[in-house]
Amino acid sequence: MCGIVGYVGHRPVQDLLLAGLEKLEYRGYDSAGISLVCDGVVESVRAVGNLSALREAVEARTNGGGGVAVAASTATTGIGHTRWATHGRVSEENAHPHFDTTSNVHIVLNGIVENFLALREQLAADGVRFTSETDAEVVAHLVGKHYDGENLTEAVCRAYNELEGHYSFVALAGDEPDRVVGARKECPLIVGRGDGESFLASAIPAFLAHTRRVQYVNDNEIVTIHRGGVEFQTADGVPLEREIVEIDWDAETAEKGGYETFMLKEIHEQADALAETIFDRTVREDGVDIDEMGEIGDDVLRAVKRVVVVACGTSYHAGLVGRYAIEEWARLPVEMDIASEYRYRNPVVGPGDLVVGITQSGETADTLAAMRLARERGAHVLAVSNVMGSQATRDAHGTLFTRAGLEIGVAATKTFVCQVAAMYLLGLRLAELRGTLPAERRRELVTGLKHLPHNVDELIAAVDAPIAQIAEDWHRSEFFLYLGRHVGLPVALEGALKLKEISYIACDAYAAGEMKHGPIALLDDATPVVCVATDSPVLEKVVSNMQEVRARGAHVIAVATAGNRDIAQHAERVIEIPHTDWMLQPMLAVIPLQLLAYRIARRLELNVDQPRNLAKTVTVE
Ligand code: AGP
């Protein structure tokens, strides 16, 4: 996730951009940059590190830059970017803004251009020399190629029509000093309207200090901001009307993007987070490519004899889902352990093992210790992490990054679905290298993965209100039981963990088939039992367990696949998730359970972002 901002107006833009980027830093923080139109010439400053590094670079230029510095300090049109690397390592060359060969057109981009390799080859054949490894630079050259020096909007439309993927970008050109043009395809872009000035940004907080009047840019739209106003159009040039909405957020709400809590904001960010994690790795139709796993290349993966997953809490649950995928698709044995147990049980591990340490923070003490132990004993160690530069990424031979963006709520939500996605990518890659999964099945799974962000958006919009009603009806319960089978089991475990963490209600989660070996004794007519009953080869078995629950007078709340009418006969409440490949369902089925825990905790008026006794990152044993 990156943050982008643009401005056209009458005020010096340099400080406005830096202040706006500061509000977007949560979206990415490995490098940043700005470009300003100064007397018809575009000047750019980029720096590796967080925003203070960019501020220092800007100050250094102001103090030593002579005429350039003077022009920059009075410039009133500009764009800026804070980066969370996806294509290309963290370096000044890869930092945004990117520019065309004449350095006249500059752009900043958030998201992923899926067909960038093909476009890069075409542009290189036309003589373009690239200065970075990014997909964003392709967009700069493409806009530059279509730009006639007079109509930047037209050039952006023509470039947009050649791009595939999931992105938004903002462009400016030295030849049109009072104009900034944005394009949106499935990544956020919002206009802020001031008096004689306009803003474009990935999120409202970037300009909220200056205006509360906003216009939302929809998918497949091009927007041009200039001193005189704002124009919306389709990529084919058809003008569009757009209402101005007044935002009444206070500073705290603004920080949460308008949501009442960080946790709710992060639940709603899951489609974006998944798209960022999946898209550039699923460009091929029948397989996945994970290019950036350091020393864990294809030859290492081919030689793996066993996979061992170590993790804690939610990350452990993501590992459990990954186990089903790797065993099913790659036919490799997978051993799972809680990191705090693994590190003290003198494990048999060594060459031939791929040890995967899953940790969103990359700093969990027990997971780090388990990974180090495995490395000392000769295993290859892969980190699955959300934080660049974290200890896990430094200790491992390679890292498979989730790209969920900063997660502030203590209860993990978007990082869980991205960890599951990362494990699925790993499973598919191993399966392809080992020849254990036919191309047709790989194609089905890749197609399903790519569609998931749309499924997530659809799901959240549909289920939030019914879940709030279920929470209303059941929030006084003293105990909940969660049941699931196969990939539904880790979903049940994760749903129960969410409820424990933020509502403090006692609950247990069990393999549904194990219920009659003990937990069934807990059931009475006051017990709500949450059953993950999505379509799968084991659904019939889950349904029998639901019948057993009801026979004891307890109440079933089922998470089921849309269209399966039978489930309603065995449950008091049914929450439907969109249809997807059954192996991919955990990434959808967990979302109603996050929301259920959330709505119950809110109903109990608890602090969901900072639950008692918990810390976001556990750096002690
Ligand atoms: C999740 O909601 C919890 N906050 C917790 O279980 C967490 O997943 C665990 O501490 C592991 O953290 P990590 O992913 O940063 O290693």
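The figures here come from the full heavy-atom set of this structure, side chains too, leaving out hydrogens, waters and symmetry mates. Indexing begins at 1, ligand by ligand and atom by atom, following the structure's order.
With ligand atoms numbered from 1 in the order given, ligand 1 contributes 2 (O) to contacts under 4.0 Å with heavy atoms of Ala411. Residue Lys498 has at least one heavy-atom neighbour below 4.0 Å for each of these atoms of ligand 1: 1 (C), 2 (O). Close approach of ligand 1 to Ser315 is summarised as follows: ligand atoms under 4.0 Å from at least one heavy atom of the residue are 8 (O), 13 (P), 14 (O).
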> side chain to side chain contact (heavy atoms under 4.5 Å, CB included) between Ile505 and Phe479: does it pass, once the steps are laid out?
Replying inline: CA-CA 6 Å; Ile505 295 176; Phe479 173 73; 5.8 Å; no
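With 3.5 Å as the limit, one finds no donor-acceptor pair spanning the side chains of Thr364 and Asp366. Side-chain contact annotation: Gln594 with Thr413, donor-acceptor N/O pair under 3.5 Å absent. Side-chain contact check for Glu494 and Thr314: at least one donor-acceptor pair (N or O, by modelled atom type) lies under 3.5 Å. A side-chain donor from one of Thr402 and Asn386 sits under 3.5 Å from a side-chain acceptor of the other. If you check the side chains of Gln360 and Ser315, you find no donor sitting under 3.5 Å from an acceptor.
Considering backbone and side-chain atoms together, Ala412 places an N or O closer than 3.5 Å to an N or O of ligand 1. Between Glu501 and ligand 1, at least one N/O pair is under 3.5 Å apart. Between Val410 and ligand 1, at least one pair of N/O atoms sits closer than 3.5 Å.
Closest protein heavy atom to atom 1 (C) of ligand 1: Thr314 OG1, 3.0 Å. Looking at atom 11 (C) of ligand 1, its nearest protein heavy atom turns out to be Cys312 O, 3.4 Å. Among protein heavy atoms, the minimum distance from atom 15 (O) of ligand 1 is reached at Ser361 OG, 2.6 Å. Val618 CG2, 4.1 Å is the protein heavy atom nearest to atom 10 (O) of ligand 1. The nearest protein atom to atom 16 (O) of ligand 1, hydrogens excluded, is given as Thr364 OG1, 2.4 Å; this is a heavy-atom distance.
In this structure, the side chains of Val410 and Asp609 stay at 4.5 Å or more apart for every pair of heavy atoms.
Considering all non-hydrogen atoms of both residues, Ile278 and Leu449 come closest at CD1-O, 3.6 Å.
Ligand 1 does not have Glu363 within reach: every non-hydrogen atom of the residue lies 4.0 Å or more from it.
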